[in-house]
Amino acid sequence: MIKAIRGTRDILPPASALWNHVESATREVCRGFNYHEIRTPIFEETALFARGVGEDTDIVSKEMYTWEDRDGTSITLRPENTASVIRAYIEHRLDQIPGLKRLYYIGPMFRRERPQKGRYRQFSQIGAECIGSESPLIDAEVIELSLEILSRCGVQNPHLLLNSVGCKECRPKFVQALRERLQDVKGQMCQDCQRRADTNPLRVLDCKVPEDQNIIDSLPSILEYLCEPCAKHFETVKGHLEARGIDYEIRSRLVRGLDYYTRTTFEVTHGALGAQNSILGGGRYDGLAESLGSRVAAPGIGFSIGEDRLVMAIEEHVKGEELARLDVFLIAMGDPALKHAAVLAQELRRGGASVELSADQKVKRAMETANKLGARYALILGDNEIAAGVYALKNMATATQESLTREQLSAALSRRQDVVHHD
RNA sequence: GCGCGUGUAGCUCAGCUGGUAGUAGCGCCAGAUUGUGGUUCUGGAUGUCGAGGGUUCGAAUCCCUCCACGCGCCCCA
């Protein structure tokens, strides 16, 4: 039997209801911030990611799904979406349209890594980008948006980590200083760090080996090397976050894996996600457009949320079963009742209720089914009801049943709907 | 890509040092006088023991390879 390939998975009901919940909450929040959806292709020319994300990153050097198209073009399934968004921005000259471009996206990304909990080869990201401004006010807005999405989706206790990685003026000076310092101390560090000290000194800062922490604490901090404009930018971002009542922790060791980041970088972690505790990552990318070969500047900042991890973070207390619960299981007995019931089902659905018409006319069997489906109500329609012009509505949880007129029925169900929709 | 671990009915698992799978729990199906479920009772179905190969008279149990999943590393969402 053929199975889903490694690192991919099916999302079935009722779990899929959680994904819908997350996505509709996202869309609502984005609309509130005036961010609008952009849909870019799932595959692009390989060069876009190589140049955008960076040749030396792990993503580009070993994690992309790349193949040669029939005309010889190298094509890659997108491993992330920011490069595509910037490409679209430039391609469609969105800089010529008034106002900043506030965009969001939801969709699958592909990276060929070893799958484990919270890491898949096809995974979904929810992201947003604000393009066209270098203002630190925008940094705060984007961070606020990201946290608001998490909050509205039901994530509890997110922890925001904040840093600045400087710009192309000041970061090289820091890397140089770090490299020099590491030459003196790397002998006392773990094997990995000894290797990183030469290959990618910034990565040393991310080391989690307990014995290395004291040494890492003694290493130079990027924040001490920020140039005047970068330092000022960072201070202003912090001020705007505080004005918004957003708590953050400065984590000068926070280095992100994509080459395009400049100045502000941030990450949100969440407990109980295992080794992949990062639920959201983002940062500013003022030089990205230029590195894609654009003559048009497109400074911006954005983030992406791991949707799989977001769902994982909320599934303890947000239940798909509840979100997907059937409102009404409609039991009709006899042919006239069945036809009457079909029309009633139409009306109730138009009123916003979910309604399943029982395929079984035996009340006992149908009630069993209603119970197994977890329906909120069983609605019974037989000769007695038709003769009396009423409907028998049974609350499955309380086992209470009442005879209602058509109007009373609508009222009873719409009251219920309000509750449902607020969750 | 590397290391460790796991893989038995739909799900959770039992199966001791190899002898040919379990009255297991939950679920599922059918019944207990035909307009009422969830608790009860009775009966029933279901597994190529992850896949392939090897050792053996004989393997779910030992060995090899592969696959999937979990944990960690690397890295990231």
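These values consider heavy atoms only, across backbone and side chains, with no hydrogens, waters or symmetry-generated copies. Chain identifiers are assigned alphabetically (A, B, ...) following the order of the sequence lines, protein sequences preceding nucleic acid strands; residue numbering begins at 1 within each chain. All values derive from a computational prediction rather than experimental measurement.
- Figure legend. B:rC41 is base-paired to B:rG31; pairs are counted as Watson-Crick or G-U wobble with both atom distances under 3.5 Å.
- For B:rA60 and B:rG52, the C1' atoms lie 16 Å apart once the distance is rounded to whole Å.
- The distance from atom OH of A:Tyr260 to atom C1' of B:rC76 is 12 Å, rounded to the nearest whole Å.
- Across all strands shown, A:Arg9 has no heavy atoms under 4.0 Å from either base or sugar-phosphate atoms.
- Comparing the same atom, P, in B:rC16 and in B:rG10 gives a spacing of 22 Å after rounding to whole Å.
- Here the C1' atom of nucleotide B:rU36 and the CG atom of A:Asn395 are 14 Å apart, to the nearest Å.
- Using a 4.0 Å cut-off between charged side-chain N and carboxylate O, A:Arg152 and A:Glu148 make a salt bridge.
- In summary, A:Lys362 and A:Asp360 do not engage in a salt bridge, as defined by a charged side-chain N under 4.0 Å from a carboxylate O.
- Taking the C1' atom of each, B:rU46 and B:rG27 are spaced 12 Å apart, rounded to whole Å.
- By the 4.0 Å N-to-carboxylate-O rule, A:Glu267 lies too far from A:Arg251 to be salt-bridged with it.
- Of all non-hydrogen atoms in A:Tyr89 and A:Gly132, the two that sit nearest each other are OH-CA, 4.2 Å.
- The side chain of A:Lys372 contributes no N or O atom lying less than 4.0 Å from OP1 or OP2 of B:rG37.
- Within 4.0 Å (heavy atoms only), A:Gly7 reaches sugar-phosphate atoms of the nucleic acid but no base atom.
- In this structure, B:rU65 and B:rA51 make a Watson-Crick or G-U wobble pair, each of the two defining distances being under 3.5 angstrom.
- Nearest to the side-chain atoms of A:Lys117 among the listed nucleotides B:rG38, B:rA77, B:rG70 stands B:rG70.
- Across B:rU36, B:rG38, B:rC75, the shortest atom-to-atom separation from the side chain of A:Ile380 is found for B:rU36.
- B:rA9 is unpaired under the criterion used here, namely a Watson-Crick or G-U wobble arrangement in which both key atom distances are under 3.5 Å.
- The shortest distance between the side-chain N/O atoms of A:Arg365 and the OP1/OP2 oxygens of B:rG35 is not below 4.0 Å.
- Distances shown here put every side-chain N or O of A:Lys362 at or beyond 4.0 Å from the OP1 or OP2 atom of B:rA30.
- Residue A:Gln401 places no side-chain N or O under 4.0 Å from the OP1 or OP2 atom of B:rU36.
- Within residues 146-162 of chain A, no residue approaches RNA chain B, by heavy-atom distance under 4.0 Å.
- Separating the P atom of B:rU61 from that of B:rU17 is a span of 13 Å, rounded to the nearest Å.
- Spacing of C1' atoms, B:rG47 relative to B:rC11, comes out at 14 Å, to the nearest Å.
- Regarding contacts with the backbone of B:rA77, every side-chain N or O of A:Arg309 stays at 4.0 angstrom or more from both OP1 and OP2.
- A pairwise comparison of heavy atoms in A:Ile305 and A:Ser146 identifies CD1-O, 4.3 Å as the closest pair.
- In this structure, A:Glu63 places its CD atom 13 Å from P of B:rC74, rounding to the nearest Å.
- Under the 3.5 Å distance criterion, with hydrogens and angles disregarded, a donor-acceptor pair is assigned to the side chains of A:Glu129 and A:Tyr285.
- The side chain of A:Lys364 approaches B:rG37 more closely than any other nucleotide in the set B:rG37, B:rG72, B:rG35.
- In this structure, of B:rG35, B:rG72, B:rC75, it is B:rG72 that holds the atom nearest to the side chain of A:Gln116.
- Taking only distance into account, the side chain of A:Glu113 meets the base of B:rA77 through a donor-acceptor pair shorter than 3.5 Å.
- Using a 4.0 Å cut-off between a side-chain N of Lys or Arg and a carboxylate O of Asp or Glu, A:Arg112 and A:Glu63 do not qualify as a salt bridge.
- Where A:Thr398 and A:Ile305 each meet RNA chain B at their nearest nucleotide, the meeting point lying more 5' is that of A:Thr398.
- Closest contact between the side chain of A:Arg114 and the listed nucleotides B:rA77, B:rC74, B:rG1 involves B:rG1.
- Of the listed nucleotides (B:rG35, B:rC75, B:rG37), B:rG37 has the atom at the smallest distance from the side chain of A:Met396.
- Rounded to whole angstrom, the span from the CD1 atom of A:Ile106 across to the P atom of B:rA77 amounts to 18 Å.
- Note: CG (A:Leu12) to P (B:rC11) measures 12 Å, nearest angstrom.
- Judged by distance alone, with hydrogens and angles left aside, A:Asn371 brings a side-chain donor or acceptor within reach of the base of B:rG37, the pair sitting under 3.5 Å.
- Comparing A:Arg111 and A:Ala4 by the nucleotide of RNA chain B that holds the closest heavy atom to each, the one mapping nearer the 5' end is A:Ala4.
- When distances run from any side-chain atom of A:Asp383 to the nucleotides B:rG35, B:rG38, B:rC75, the shortest one goes to B:rG35.
- B:rU56 makes up no base pair with any nucleotide shown, lacking Watson-Crick or G-U wobble contacts both under 3.5 Å.
- A:Arg6 has its CZ atom 14 Å from the C1' atom of B:rG50, to the nearest Å.
- Residue contacts shown for A:Ala399 include a base, since a base heavy atom lies under 4.0 Å away.
- With both pairing distances under 3.5 Å, B:rC71 is matched to B:rG3 as a Watson-Crick or G-U wobble pair.
- Across the C1' atoms, B:rG53 and B:rA24 are found 33 Å apart, a figure rounded to whole Å.
- The distance from atom CD1 of A:Ile331 to atom C1' of B:rG37 is 9 Å, rounded to the nearest whole Å.
- Taking 4.0 Å as the cut-off between side-chain N and carboxylate O, A:Glu113 and A:Arg121 do not count as a salt-bridged pair.
- For the C1' atoms, the distance linking B:rG58 with B:rA21 amounts to 16 Å, nearest Å.
- Rounding to the nearest 0.5 angstrom, the gap separating the CG atom in A:Leu202 from the CD1 atom in A:Ile222 is 7.5 Å.
- A:Ala378 comes within 4.0 angstrom of nothing in the nucleic acid, heavy atoms only.
- Comment: A:Arg253 engages A:Asp217 in a salt bridge, judged by a side-chain N to carboxylate O separation of less than 4.0 angstrom.
- Residue contacts for A:Glu385: at a heavy-atom cut-off of 4.0 Å it reaches a base atom on one of the strands shown.
- To the nearest angstrom, C1' of B:rG35 lies 13 Å from CD1 of A:Ile386.
- B:rA77 and B:rC2 have their C1' atoms separated by 22 Å, with the value rounded to a whole Å.
- Between A:Arg376 and A:Glu322, at least one side-chain nitrogen of the basic residue sits less than 4.0 Å from a carboxylate oxygen of the acidic one, meeting the salt-bridge criterion.
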